[in-house]
Amino acid sequence: MDNKKDIKIVGGYGHIDEKIGAKFLKPYDSVATEDKIYTLWEKSGYFNPDNLPERNKNGEPFSIVLPPPNVTGMLHMGSALMLAIEDIMVRYARMNGKNTLWLPGTDHAAIATQSVVEKDIQKKEGKSRHDIGREELLLRVDAYAKQSHDTIVRQMKKMGCSVDWSREAFTLDEKRNLSVKTAFKKMYDDGLIYRGFRVVNWDPKGQTTISDDEIEYETRKTKLYTFKYSKDIPISISTTRPETKLGDTGIAVHPDDTRYAQFIGREFKTIFAGQEISLKVIADRSVEMAFGTGALGVTPAHSQIDWEMAQRHGLPTKQVINEYAKMTVGIEGIKDKKVTEAREAVVLWLKENDLLEKEEDIEHNISLAQRTGGVVEPLPKLQWFIDVNKKFNIKDSGFTSLNKQGIVSEKEVSLKELMKGAITSGSIRIMPDRFEKVYFNWIENLRDWCISRQIWYGHRIPVWYRSAATATEIYCDINPPKGEGWKQDEDTLDTWFSSGLWTFSTLGWPEKTIDLKTFHPTTILETGSDILFFWVARMILMSTYLLNEVPFKTVYLHGLVRDAKGRKISKSLGNNVDPLDMITKYGSDAVRMSLIVGVGPGSDSKIGEDKIKAYKNFANKLWNITRFVLSSTEYTLANPFVESGSYNYNSNDNELMKIQNAMLADITVDMNNYRYYLAAEKLYHYVWHEFADKLIEDSKKIFSSDKVEEIASRKQFLFVSMCRILRALHPFMPFLTEEIWSEMPIKDKSLLMVEKWPG
RNA sequence: GCGCGGUUAGCUCAGUUGGUAGAGCAUCCCCUUGACGUGGGGAGGGUCACAGGUUCGAAUCCUGUAUCGCGCACCA
């Protein structure tokens, strides 16, 4: 179809195809190029620091762990952004001669993965997990995880990720299981992990407990009911959940509230909606006098705060709701009904008995389980916790990162203090720094971390029980206890427990490996700002506690990738863009550039096809620039160019080289300060609007003149510039630049990925 | 309630230590130029959310307001 174009070129440059290869006669073909180049990289072995050139091996270590994608499916544009940023960091470090490791892996994502598989089985076979049993379910989940894993790996290769596949890890593989058990045992022995009976967040849909951080809040309109328990009880209370009142064991008022002072200490008995209740009036400072009637019904079994209040005042606990969010007591119409139904039934009962005094509309936050969307039901349960406030002796703390916090050997600290100190001491820098405040705020409000889950997919808790005549024996260790009658805890660990160990479990801990010594603390952690608490904070906790050193020196947080209209990517909106489709259509380099340019750390971004298309055009532009440069200079594969020689530019070209040097110095500063969004934009601008539009256009005039020296100077200039542009663009557009580099007639060149950065 | 962030050209956003406002896309006009029409040249378009203040000078620093978004807490 493009006959005319070909004839024109061949007419003007009969020598072009023999000189620079026929492929430059056609537009850049990303599909034909990218897989070929990735294979070339893999074969080179350079992804693995052990195989890097000497200059790297002797260089300063640079390490990043990949935030392990969940094996629940496939990557989306957000993951693509993460991969693009990290690959830029890693390639830049490698080109700067660092001993560079980017360690990949995947996350078993316990609840998320199991619930996907469970749903599938329910849909296709109509069976629950209990119908098929623990062993069979785990086999099914493993098969699913394996398949997801392969998809993820394929996608990462398409993105051009220069990760060391030989070190790939999985949060649930055998090595990581040993790390998990080792960590658990140490914390158990130090008394930081304990088993406790208390109100926890129960997800009736997922049939498991979840941590405070796994709750999402949704504001909904609801009714606030004000009523009396009975005609004989003189205090009215307000609640949004009348059904829980069947489990009340107290009425709390503020100690300074004169309205109720006379009742403090008294006990009332009545039958409430069929349930006998006994209410002791207590005075507690956590009660707000101004809210409602200033008195509240205390439900120790079904409210976190009430539980704590009950502890303070010795009130008994009475559970009236079960694991399926159904009532276990009450009159007909309440007992065995779901809480929502029971609520209406209780209100009806109140009306019938003329006890309801007021009904008002209020806005109210309801708690939803992040993974399943189930309404969280606080329930009293025996669970495992990590104590974040308990002081313990930190041993063997020879590390400067902890010393800087003023934490030294044999000093008493709590996990909270360790987490806080890692930042306040400057041992870890969070970017953008406004997230430091968010982090501190989270620590301030942090409660003990519930780590046991009633699901099957995950690390089994390394604790065994044996019932003896008088009491139950408990045994915690890496390996099961010897002897008869021991039974392992049925529960598994919160997935974030194993993720928290990621920076060092991947490097071989608890073994003292060379990798661990070389690459830990890791240089930088790059991840989404949405998992600052889940993951970043937990890694800091685990690393400072178990290794006495920070897990990383810098945290770089990226924001959310939204669609072209600025909406969140969600299944229900159907606005998910598959990075693979975009890569097929526009090329991996174009996708990477479009995700990077203009997106600073921590800020959300929008991605639309137009933007990706613009960078596909840029890729093609560079392709054609190459054609012009190669066909206009005399360098050939038979007569290669020595890039590093010194040249005699004329004064004009010398001036241009100075401008180029300034540009490169400028973006080098940007790169060193993680301003990839600026560096990429500046390079784009220089290549297109300076190098192509001005310098190449200008060259045409020079080449058609008879000024021999000027022509020679400009040819050198163009060629040297071309090489430097490829080097500088490589971290951003690795496939295209590597492909062009392979055609450059340069003496003694390596793969571009291990060439020097031009700054 | 506490805290954080955004508000700059029609759209998406830059603007790193305060010095007469920038880019890409879109719009309009011109151009078959020795690589590229996935191209080239040019033009229009902004009282930098608003109100004060500091300063010789503020998009940039300070105070307040509005508005959108986010986090945390409350959630009887």
Side-chain angles (χ1 to χ4, degrees), chain A residues 4-5 8-9 11-13 16 20 24-25 27-28 212-213 217 219-220 222 224-226 237-242 244-245 248 251-253 286-288 291-299 303-306 309 362-367 432 434-446 529-530 532-533 559-560 562 564-566 568 586 590 594 597-600 602-608 610-611 613-632 666 669-670 673 675 677-678 681-682 684-685 688-689 692-693 696-697 699-701 703-704:
Chain A
K4 192 181 147 207
K5 222 179 281 171
K8 198 170 83 186
I9 292 156
Y13 303 86
I16 190 171
I20 59 170
F24 283 102
L25 295 175
Y28 174 58
D212 295 345
D213 296 292
Y217 299 100
T219 307
R220 286 194 194 161
T222 190
L224 180 70
Y225 303 96
T226 301
I237 61 138
S238 301
T239 184
T240 54
R241 297 198 59 188
T244 62
K245 300 296 105 184
D248 280 12
I251 296 173
V253 298
S286 68
V287 179
E288 249 182 73
F291 190 96
T293 61
L296 73 98
V298 186
T299 323
S303 153
Q304 196 89 241
I305 292 170
D306 291 8
M309 228 185 284
I362 60 161
E363 291 224 319
H364 172 86
N365 280 340
I366 62 156
S367 310
R434 62 188 149 90
F435 281 100
E436 291 188 359
K437 279 188 188 169
V438 180
Y439 176 86
F440 289 136
N441 184 248
W442 177 79
I443 291 181
E444 298 289 313
N445 294 303
L446 186 61
S529 54
D530 52 337
L532 179 63
F533 310 141
L560 231 55
R562 297 166 178 276
K565 290 174 186 164
K568 247 186 185 171
Y586 303 106
S594 66
V597 173
V599 182
S603 50
D604 290 0
S605 58
K606 293 176 195 174
I607 187 78
D610 282 354
K611 193 172 177 188
K613 203 174 153 193
Y615 290 100
K616 180 196 162 77
N617 293 350
F618 178 61
N620 194 55
K621 184 77 181 178
L622 190 69
W623 188 252
N624 286 305
I625 288 170
T626 310
R627 185 197 316 185
F628 178 84
V629 171
L630 289 184
S631 64
S632 322
D666 185 35
V669 173
D670 286 335
N673 289 287
R675 293 190 293 258
Y677 63 108
L678 284 183
E681 199 177 4
K682 285 172 185 169
Y684 173 93
H685 193 260
W688 201 314
H689 301 298
D693 290 350
I696 285 183
E697 290 307 318
S699 304
K700 291 174 185 171
K701 279 181 221 141
F703 293 159
S704 60

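Although no hydrogens or angles enter the test, the distance criterion places a donor-acceptor pair under 3.5 Å between the side chain of A:Lys245 and the main chain of A:Gly297. In this structure, A:Lys616 contributes its side chain and A:Lys611 its backbone to no donor-acceptor pair below 3.5 Å. Counting only distance, with no hydrogens or angles, the side chain of A:Asn620 and the backbone of A:Pro27 share no donor-acceptor pair below 3.5 Å. Side-chain atoms of A:Arg627 come within 3.5 Å of backbone N or O of A:Phe24 as a donor-acceptor pair. Here the side chain of A:Asn441 pairs no donor or acceptor atom with the backbone of A:Lys437 at under 3.5 angstrom.
Atom CH2 in A:Trp688 sits roughly 7 Å away from atom P in B:rC25 (whole-Å rounding). Between A:Ile607 atom CD1 and B:rC25 atom P the separation is 15 Å, expressed in whole Å. When the P atom of B:rC4 is taken as reference, atom CG of A:Asp530 falls 21 Å away, rounded to whole Å. As rounded to whole Å, 4 Å separates atom P of B:rC13 from atom NZ of A:Lys606. In this structure, the CZ atom of A:Phe291 is 18 Å from the P atom of B:rA73, given to the nearest Å. For A:Ile696 and B:rG40, the CD1 to P distance is 11 Å, given to the nearest whole Å. If you measure from atom NZ of A:Lys682 to atom P of B:rG22, you get 16 Å, rounded to the nearest angstrom. Atom CG in A:Asp610 sits about 9 Å away from atom C1' in B:rA26, given to the nearest Å.
Separation of atoms CG (A:Asp248) and OG1 (A:Thr299) is listed at 3.5 Å; rounding is to 0.5 Å. For the atom pair CG of A:Asn365 and OG1 of A:Thr222, the computed distance is 11.5 Å after rounding to the nearest 0.5 Å. Atom CG in A:Asp306 sits 6.0 Å away from atom CG in A:Leu296 (nearest 0.5 Å).
Separating the P atom of B:rU20 from that of B:rG57 is a span of 15 Å, rounded to the nearest Å. Rounded to whole Å, the separation between the P atoms of B:rC28 and B:rG64 comes to 47 Å. Spacing of C1' atoms, B:rG45 relative to B:rU8, comes out at 13 Å, to the nearest Å. B:rC11 and B:rG52 have their P atoms separated by 26 Å, given to the nearest Å. Nucleotides B:rG44 and B:rC29, compared at atom C1', are 10 Å apart to the nearest Å. Between the C1' atoms of B:rU17 and B:rC61, the separation comes to 12 Å (whole Å). With both ends at atom P, the span from B:rA49 to B:rA9 equals 8 Å, rounded to whole Å. Annotation: B:rG19 and B:rG1 have their C1' atoms spaced 42 Å apart (nearest Å).
Side-chain atoms of A:His689 lie closest to B:rG24 of the nucleotides B:rU16, B:rG24, B:rC72. For A:Asn617, whose side chain is taken as the heavy atoms from C-beta onward, the closest listed nucleotide among B:rU38, B:rA73, B:rC36 is B:rU38. Taking the side chain of A:Glu681 as heavy atoms from C-beta on, and the options B:rA23, B:rC74, B:rU16, the nearest nucleotide is B:rA23. Ranking B:rC36, B:rA14, B:rC75 by closeness to the A:Leu678 side chain, first place goes to B:rA14. The side chain of A:Arg434 has B:rG5 as its nearest neighbour among B:rG5, B:rA23, B:rU38. Comparing B:rG71, B:rA35, B:rA73 by their closest approach to the side chain of A:Val438 singles out B:rG71.
Using a 4.0 Å heavy-atom criterion, one finds that A:Thr240 contacts the sugar-phosphate atoms exclusively. At a threshold of 4.0 angstrom between heavy atoms, the contacts of A:Phe703 include nucleobase atoms, whether or not backbone atoms are also involved. Contact annotation for A:Glu288: base contact, defined as any heavy-atom pair under 4.0 Å involving a base atom. Residue-level contact check: A:Thr239 touches the backbone only, with heavy atoms under 4.0 Å from sugar-phosphate atoms and none from bases. At the heavy-atom level, A:Ala619 lies nowhere under 4.0 Å from the strands shown. Using a 4.0 Å heavy-atom criterion, one finds that A:Ile237 contacts no nucleic acid atom at all. In this structure, A:Asn445 reaches the sugar-phosphate backbone alone: every heavy-atom distance under 4.0 Å involves primed, P, OP1 or OP2 atoms, never a base. No engagement by A:Ile366 is indicated, since no non-hydrogen atom pair under 4.0 Å with the nucleic acid exists. Note on A:Arg241: nothing from the nucleic acid sits closer than 4.0 angstrom, heavy atoms only.
Of the side-chain N and O atoms in A:Lys437, one or more sit less than 4.0 angstrom from OP1 or OP2 of B:rC4. For the pair A:His685 and B:rA14, the criterion of a side-chain N or O lying under 4.0 Å from OP1 or OP2 is not met. Phosphate contact (OP1/OP2 of B:rG15, side-chain N/O of A:Tyr677, threshold under 4.0 Å): present. Between B:rC2 and A:Asn441, no contact under 4.0 Å exists linking OP1 or OP2 to a side-chain N or O.
Exactly one of A:Leu622, A:Asn617, A:Ile625 qualifies for a side-chain contact (heavy atoms from CB on, under 4.5 Å) with A:Trp688. That residue is A:Asn617.
Nearest-nucleotide assignment on RNA chain B puts the 5′-proximal partner with A:Val599, out of A:Val599 and A:Tyr615. Residue-to-nucleotide proximity on RNA chain B shows that, of A:Ala614 and A:Asp693, the 5′-proximal contact is made by A:Ala614.
Taking the six-membered ring where the residue is Trp, the centroids of A:Phe618 and A:Tyr684 are separated by under 6.0 Å.
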Handout entry: 5'-to-3' dot-bracket of RNA chain B (Watson-Crick, G-U; under 3.5 angstrom; crossing pairs as [ ]; | other strand)
Key = (((((((..((((.....[..)))).(((((.......))))).....(((((..]....))))))))))))....
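Looking at A:Lys621, its side chain comes within 3.5 Å of the base of B:rC36 through a donor and an acceptor atom. A donor and an acceptor atom sit less than 3.5 Å apart, one in the side chain of A:Glu697 and one in the base of B:rA35.
With respect to A:Asp610 and A:Lys613, no salt bridge is recorded, no charged nitrogen being found less than 4.0 Å from a carboxylate O.
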